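Report on one structure; see the data block that follows.
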Amino acid sequence: MISSLLAGQQEWFILLYPLVSLFAALASALVGFGGGIIMLVLLSPFTELKVLVALVAMVQLASLVFRFYIYRQGIDYRLTGLYLLGSFPGIVLAAWLFEAVNSQQLGIVLGIYLMYSAWRPDGLPLANSRLGIPLSASVMAFVSFFVGAPGPAIASLMSQLNLAKIAFLGTLSACLLGQTLMRLGAFFRRCSA
């Protein structure tokens, strides 16, 4: 139905992606996260979900690099390192399973994640335990690989750590950037294989 509405509107359709990306980047810059969810919701009627998840990671990269640069003074590098170390196994496992998931199954996972993000519970109750951050990061990296929007999950984990605002924003930006680079590496590897 949507494709029939857009028939003959190729120029307008091509402008849709950058306009949605700009809107998502602005919203994300104001709140600190949420741009990926906005892009997923607005672009999912027009793009196959498996392609969209990789596309969102690519589009978010520029915004994340900019936010990383802006908030670099507040980054807690120890916490970021723990988070990214924990993310790696989740990314590897998710990349391996991603090929087996079809777009319909991915849509169900995305719907559950969007409801979770709207509800915004306090996240996994592991943040303050010794292995809590790497374990939480692994779970979140696994899930976010399939939905392409890790911001709300990482923010809920970081909020449990009672960081100062600049440390929260800097560490969140660093974790998002690191995890997005890992996801893009996995997508690139899968596409080139």
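Both backbone and side-chain heavy atoms feed into the values below; hydrogens, waters and symmetry mates do not. Sequence positions, counted from 1, serve as the residue numbers for this chain. Small disclaimer: the values here were computed from a predicted structure and weren't measured.
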Taking side chain as C-beta onward, heavy atoms only, is [X] less than 4.5 Å from [Y]?
X      : Y      : value
Leu43  : Val56  : no
Phe168 : Lys165 : no
Ile38  : Phe23  : yes
Cys175 : Thr171 : yes
Leu106 : Val147 : no
Ser44  : Met39  : no

Checklist entry - For Ser103 and Leu49, which heavy atoms make the closest approach, and how far apart are they? => result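 It is O-CD1, 3.7 Å.
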Checklist entry - For the residue pair Phe146 and Leu97, what are the closest heavy atoms and their distance? => result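 Reported closest heavy-atom pair: CZ-CB, 4.0 Å.
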Checklist entry - After noting the C-alpha distance and the side-chain angles of Leu176 and Arg67, does the key distance pass the side-chain contact (heavy atoms from CB on, under 4.5 Å) rule? => result CA-CA 10 Å; Leu176 284 167; Arg67 282 194 295 168; 3.9 Å; yes
Item to check | side chain to side chain donor-acceptor pair (under 3.5 Å) pairs, two or more places apart, involving residues 49-64 | outcome: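 Every candidate side chain to side chain donor-acceptor pair (under 3.5 Å) pair involving residues 49-64 fails, so no pair, neighbours aside, qualifies.
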Next on the checklist: Checking Val109 against Val101 for the side-chain contact (heavy atoms from CB on, under 4.5 Å) test, could you report, in this order, the C-alpha distance in whole Å, the side-chain angles of both residues, the deciding distance, and whether it holds?
Outcome noted: CA-CA 10 Å; Val109 171; Val101 176; 5.9 Å; no
Show me the side-chain donor-acceptor pairs of residues 78-95 shorter than 3.5 Å, one per line, residues at least two apart or across chains.
| unit_1 | atom_1 | unit_2 | atom_2 | d |
| --- | --- | --- | --- | --- |
| Thr80 | OG1 | Asp76 | O | 2.9 |
| Tyr83 | OH | Gln179 | NE2 | 3.0 |
| Ser87 | OG | Tyr83 | O | 2.9 |
| Ser87 | OG | Gln179 | NE2 | 3.3 |

Checklist entry - Between Phe145 and Phe98, what is the ring plane arrangement, given parallel below 30°, perpendicular above 60°, and tilted in between? => result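 It falls in the perpendicular class, over 60°.
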Next on the checklist: Tell me whether Leu169 shares a hydrophobic cluster with Phe66, the cluster being built from Ile, Leu, Val, Met, Phe, Trp, Tyr side chains joined at under 4.5 Å.
Outcome noted: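 Linked within one cluster.
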Next on the checklist: For residues Val41 and Val59: do they belong to one hydrophobic cluster (side chain heavy atoms under 4.5 Å, members Ile, Leu, Val, Met, Phe, Trp, Tyr)?
Outcome noted: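 They do share one cluster, since a chain of ILVMFWY contacts under 4.5 Å joins Val41 to Val59.
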Checklist entry - Atom CE of Met158 and atom CG of Leu163: how far apart are they, to the nearest 0.5 Å? => result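 So the CE of Met158 and the CG of Leu163 are separated by 7.0 Å.
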Item to check | Interatomic distance, Tyr69 atom OH to Ser173 atom OG [nearest 0.5 angstrom] | outcome: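 So the gap between those two atoms works out to 14.0 Å.
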Checklist entry - Would you find a donor on one side and an acceptor on the other, under 3.5 Å apart, between the side chain of Ser136 and the backbone of Gly132? => result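 It does hold such a pair.
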Next on the checklist: Can you confirm whether more than 12 heavy atoms, excluding those of Tyr77, are under 6.0 Å from its OH atom?
Outcome noted: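 Yes, OH of Tyr77 has more than 12 neighbouring heavy atoms, counting only those of other groups under 6.0 Å.
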Item to check | Residues Leu177, Leu61; criterion side-chain contact (heavy atoms from CB on, under 4.5 Å); working and verdict | outcome: CA-CA 7 Å; Leu177 178 60; Leu61 187 59; 3.7 Å; yes
